[in-house]
Each structure stands twice: as C-alpha cells, then as structure tokens.
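Remarks on the structure that follows.
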Amino acid sequence: MSEAAPPRRPPRGDKIDREGEALVLGLAKAGKKRDALEKLMNLYGDAITAHLTRLMRDGEIAKDLRQQTFVSAYQGLENFQERSSLRTWLFSIARNRAVDEMKRNRRAQLHDDFDVWNELAVQPEPSMRGEERARRLALEDCLGTLSEATRAQLLMRMSEGMTHKEIGEIVHEPHGTVQVRISRALLLLRKCLKRKGLGR
Amino acid sequence: MSDDQKAGPQKELEELDQLPADPQDRAEAEWLLARERGEIDVAPPSAQLAQEHGELAELLGTLPVGKPDRSWQADVLRLIDEAEGRKASEAASETSSAPSEAATPAGTAETPDSTPAPTVTPAAQAPVIPLAWWRRSAVRITAAGATAAAAAVAVLLLRSSPSGAPHAELKLDITLLSATASRGASYSPGKLWVTSDYRIELKYPREAELRIFAKYPHKKDDGALVAMCAGDNASCQIASARNPSLEFRPTSAGEYVAIAIEGKSSLLPDASLKAFRQAARAADKVLVEQSFEAH
C-alpha cells in the first residue's frame, strides 16, 4: 500500500438516535419528565454503562456513576438547552460524575487486569475468529494502560464519534490539546498491541 | 499498571507538550496529529503504519457495549421518587409554617372589606429573610400592606449585581393599587378573598427584566409564568428597559413570585418558575426575587 486509506471511524453522529431524542425532549417539554427519563435510559443506558465501565475499570463504580448520571439528567432535563445532542450531554454528565469519583478514589488509575467483557457480559459473535477476538481483548487491556484523561477522550472520539470541540467542552481543554492527546493515545495503543504480538 | 509502572516510554508519549524522542515515534505522532487536525494530505510514515491505524480505528469504533440490560433502571426511578417525596414533604412543611413566617401588617386581618385600597400607598418595609448562600445588599422593599387583601412578602432573595458591585439604585417595589373583594373558590372554598391590582416596579441602572410567576395553587406545575416585562413586552404597563414595571392583577388567590434579572433575557421564555430560577441563577443573572401573596 503506497498511500494511507482514511481511518475508518464511526460516521459523525451515527450513534445519536435523533428520533428517540426528539421523543425524549417532547416528553420533557410536556412535563412528562419521568417518561422522558425512561426513554433516555432505554436509548443510551447501555452506551453509558460501557463507557463508564471502560473509563473506571471497576464494574461497581461504573454502575454507581451510571445511576448518578441519570438522576442528574432527570434533574437537568427541563433546563436542557439543546446546544448538543442528548447523547453528548449525557456523556458530559457521566464525565463529571467520573471526575468527582476520581477525586475521591484513585481506583481508576490502577489499570489492573480488569475484564471489561466479563463485566459487560459481552457475547462475542460466533463468527468472530480467534485472532480478532484476541486483538479485541488485547485492545481492552491496552486501553487500561492509558491515563484516565486520555482514555476518556479517546473513547469519546473514536467510539462515540464526538468532535474535538465537543470533547474539549466536556473535559474543559482546548480542542487542540484534545487532538494531541488522542493522537498520542493512538500511537500508544498501536505500540501496545504490537508488544502483545497482535500488531502487524 | 500503577503510575510508577507507567514511567518510561509510555509516560513520555503521554506528555503532550513535547514530541516523542524516538524518531519513528515522532514521525508517527506527527502524522497522527495531522490526521486528527484533518490534514489528510500528510503522508503516513509507512503504508504498514497506516494500515495498522486503520484497523485500530475500526476496533475502537466497534467496541462492544455488551448485553442490553434494563434491570438497573428501576433503581434510578426509585431514587428519583424518594428524592421527590422528600422534596414534597419539605415543601408541605414549609407551606404549613408559612403563616408564622409571613409578615401580616397590623390591621390586615381578612375582613370582608371591599373598600379599594389607597393607590400607591407608602408601604411598610417587608421582612427580609436572608439566605446565607446568596450574595445580597440591603435593598428597601416596599409592599403594600395597608389593606385586608395584601399579605406580606414571604421570601426575599436579592443581591448586589451580577458583577458583585453594589447598586444603591436597585429597588423592587410591589405596590397594591386596588383591591376588590369576592368570594373565592380556588384558594379556600367559600372564603372571602380579594383580587388586587399590583404595580411591580424594578429600579435598576441597567437593562433588566421582570417576570411574575404564580406559585400557588399551581405548585404542581412548579410555578407558571403569568406576566413578564422585558422592556418592550406588551404586558408592560410602563415599559422602560432600565425601569421595567408592570401592573398585574392575580387571577386567583395564592402565592406569587416576582423575579428580576439583569439584561433582556433570552432565558427560557416560557419556563416555569423552577426552571427559570435555576437557569437565571446558573447564569448569575438574578437581581432580586420576592414572593407575595394575594388573598
């Protein structure tokens, strides 16, 4: 290959359920906050769970933060200004709750042998080849070697498809810093996979 | 891996203010950064690296979220119900204790007095209940209290200014203009109550906005907007950007809240009291807040 193909990333916004979000906002505006919250939890509960689990690398803490995230969302729903998607807003709340937790508990920086797939009850597709499964599991381990700040931004960018600007607003860093952090993280991850014998 | 274990090449690569020392890492880092910046014309250090990063991006974009699970949602709803239950009981207890807190000026006992109250009566100073967490300055609040209908100010929150500088000119007057007795049904069935005309006037040296919310009996709705004066609003009887004032007749007995904020606000034009108050406070815009009751 003489020229790099553009990296494959989730298309911008493809994880945002526009129709579902409109329904949530409609319910909230109609004063049906509880119904709105239920719909919101159905829409993004699993994504928030997975994000927090990977971020905190502790299942119990992740579940606790998920609960706090949606309680906060309920309290803030009526003031939601629609300057971002509900999904981005939720991730922002989750991020703030996670930072609060980090200040109290350094658990997330231990980077132990936490089994993300076991915690999330991930069922690999039967068609997944052994090598791909090994690469995916190795990637989960490699994510654990990043600092929390870097891991959070990388996940928001590469897994959630957020823009650098959105991430910068969430983590209160200039978007240029976010770009540098993500590019360094990608370098680290590639090297980590290679060390595990799963690079090219 | 602990922070100590992370020392070495990894720690170096996470340092954001310097490029990696290793030339190959440096070239890769520069290319990755260019890619993040959208500079797609920057060539990768090698085709192999480009391919590896393409695959890495694919893996990161398809991280599994795991088995769908809704079992936790009931716990969130239960927590919310408990919190709202506590809030409701606190509100109920505040309401039940309100009469002892509200100042009822002498001679204002509920009497079937249909005599119109004097117009723009110099009023007694209303009680001020300071809240420790809110910045404020001494502001004279006048409220009409000379008639049977005009009950007192229950809560007052006020502040110097959003910038923190005191404004001697800041003043909110709630003045009873007239009162008419009628037999009410919405507030206390069969009880005589009085609908009153009020003039609510804010004096402030800069552009400001006034909103009036009906708090009771609309408590379940968190307070509904019933009048607004934003300088050019049709509901303003005396429109002035720097001196918003409106004349307001409550449509039913109950508690009302006047909130003045700095500037002509684009904040939540149809918001309830609760939502508007939260947003205005978050934006550090509230100048003064005052409750009053129409009986």
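Throughout, a chain's letter reflects where its sequence line sits, starting with A, and its residues are numbered from 1.
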[atom1] ([X]) with more than 12 external heavy atoms under 6.0 Å:
| X | atom1 | result |
| --- | --- | --- |
| B:E39 | CD | yes |
| B:R78 | CZ | yes |
| B:Q24 | CD | no |

Under a 4.0 Å threshold between the charged nitrogen and the carboxylate oxygen, would A:D46 count as salt-bridged to B:K67?
no
Going by an N to O cut-off under 4.0 Å, is there a salt bridge joining B:E52 and A:K194?
yes
All heavy atoms of B:T62 vs all of A:R136, minimum pair found to be OG1-NH2, 2.9 Å
Where do B:W72 and A:G45 come nearest, in terms of heavy atoms and distance?
CZ2-CA, 3.5 Å
side-chain contact (heavy atoms from CB on, under 4.5 Å) for B:L33 and A:I182? Distances and angles first, verdict last.
CA-CA 8 Å; B:L33 180 57; A:I182 289 168; over 6 Å; no
Pairwise distance CZ(A:R34) to CD1(B:I80) - rounded to 0.5 angstrom
7.5 Å
Check whether A:E140 gets within reach of chain B through its side chain, its backbone, both or neither, counting any heavy atom under 4.5 Å.
side chain
Using distance alone, with no hydrogens and no angle criterion, decide if A:S183 and B:R37 have a side-chain donor and acceptor under 3.5 Å apart.
no
Indicate yes or no for a side-chain donor-acceptor contact from A:R135 to the backbone of B:L59 under 3.5 Å, with no hydrogens or angles considered.
no
